[in-house]
2 protein chains.
Amino acid sequence: MVQTGPNPSSGENLLFLTDEQLRKGIEAMFFAYRGFTADPDRILEEYGYGRAHHRALHFINRSHGTTVNNLLNTLGVTKQSLNRVLRGLIADGLVVARVGRTDRRERNLFLTEAGQELERKLAEAQRVRMRAAYRAAGPQAVAGFRQVLEAMMDDDIRHTYNALKDGR
Amino acid sequence: MVQTGPNPSSGENLLFLTDEQLRKGIEAMFFAYRGFTADPDRILEEYGYGRAHHRALHFINRSHGTTVNNLLNTLGVTKQSLNRVLRGLIADGLVVARVGRTDRRERNLFLTEAGQELERKLAEAQRVRMRAAYRAAGPQAVAGFRQVLEAMMDDDIRHTYNALKDGR
DNA sequence: AATGTTATGTCAGCCTTGTTGACATTCCAA
DNA sequence: TTGGAATGTCAACAAGGCTGACATAACATT
């Protein structure tokens, strides 16, 4: 163990790395993530969908025409798991899978009008909370928030995130 | 919709509230949470446990002698779901449930030596990543990180979080 | 042309972890 | 004594992960 406990007498540790500080961050992540997903979850329930559907809709919207394999890597799930979700979305007419032009083995995924509508609804619900949190915390806090989150990602996912971040 | 899109010409929006900015935050939360849980998940797999077990161990450790109902509220799951997890942990000798002293209907939950050992292992794995992220981002970023996360929580959960935050 | 590889889909089965509903027990409190 | 609260337990179900196996089509290589 690098550091066995907090250092109560020091008041404020200059390195911000006491176990106490880290624990607060860990708990904040846990509780905040619940809030983060709460609003979309309520909407999804009305449609009989789950978080997996939300994620698929989000990233198809982000990258129109993305392939199944691409989506698989972004989401970090198996093709069987994703396929189950996609089948539902395609059956309900929210997503279309078009045979690839250059490589006809690939399927390019797109949102239909209905798919875009639900995606917008989910995204806006999530943005409302995010916006409120950003507004409450202020611009400087937001910058720090993003810095820490980015540093917390696995390396390979950070690449995906960055590629996505700046215009596909 | 409050704001329909980014404002590319402005370069840096003073309010930090464009949909583009919000979307980056949303994706950062999604990817970062994966990293956040990745290390404990690997350890849990060795023990045949899941994230639910980790959460139970964490909060029992945080509040020695907490009741089942307390834990229920903190974790935000049903008693049946928690009970299944607790049964496993008790059967494996990581947790003990003692009949309450003042109210004998209640069960006070404690970690055994073995339970504390696993909890420490999980917590340290999670702290390693957190510590690295904090160090990379710097103290000011960490403060902002926590501010935004706290603002993102549901009100009732923020109370739980704050009560937990400053020594039970 | 034959062979290998890749992308995708699908079936079956399993696990964790969430849910609801029903019911029993214990025991505090009015 | 009785009502209600806290807890536990059983059953059933669903979402959404997983693995393994297999099929098909299309591209790539030899």
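So that the names make sense, note that chain A is the first sequence line, chain B the second, and so on, each numbered from 1.
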Under-3.5 Å donor-acceptor pair between B:Arg84 side chain and D:dG8 base: no
Plane angle bin for B:Phe145 and A:Phe145 - parallel if under 30°, tilted between 30 and 60°, otherwise perpendicular: parallel
A:Gln126 (side chain) donor-acceptor with A:Phe36 (main chain) under 3.5 angstrom: yes
Nucleotide nearest A:Asn69 when distance is taken to its side chain, options C:dA12, C:dA7, C:dA22: C:dA7
Test item: side-chain donor near acceptor, A:Tyr47 and A:Asp92, under 3.5 Å: no
A:Thr78 vs D:dC18: side-chain N/O to OP1/OP2 distance below 4.0 Å: yes
Value in whole Å for how far the C1' atom of C:dT8 lies from CG of A:Leu82: 11 Å
Nearest-nucleotide 5' precedence on DNA chain D, B:Ala97 against A:Val85: B:Ala97
Ring geometry between A:Tyr161 and B:Phe31 (parallel below 30°, tilted from 30 to 60°, perpendicular above 60°): perpendicular
Integer-rounded Å distance: D:dA6 P and B:Leu86 CG: 17 Å
A:Arg131 side, atom CZ; A:Arg135 side, atom CZ - distance, nearest 0.5 Å: 7.0 Å
Positions of residues 37-57 of chain A (non-hydrogen atom under 4.0 Å from DNA chain C), listed by number: none
Gap between atom CD1 of A:Ile60 and atom CG of A:Leu109 - 0.5 Å precision: 5.0 Å
Which nucleotide in C:dT10, D:dA6, D:dT9 has an atom nearest any side-chain atom of B:Asn83: D:dT9
Minimal non-hydrogen separation, A:Met152 against A:Met29, with atom names: SD-CE, 4.0 Å
Gap separating the CZ atom of B:Arg127 from the CD atom of A:Gln21, nearest 0.5 angstrom: 13.0 Å
Shortest non-hydrogen separation from B:Gly65 to B:Asn108 and the atoms involved: O-ND2, 2.7 Å
Pair of N/O donor and acceptor under 3.5 Å linking D:dG16 base with A:Gln80 side chain: no
Options C:dT10, C:dT17, D:dG8, nucleotide nearest the side-chain atoms of A:Arg87: C:dT10
Nucleotide N/O to protein N/O under 3.5 Å, stretch nucleotides 24-30 of chain C:
{"from": "C:dC27", "atom 1": "OP1", "to": "B:Arg104", "atom 2": "NH2", "distance (Å)": "3.4"}

Whole-Å distance separating the CG atom of B:Leu71 from the P atom of D:dA6: 15 Å
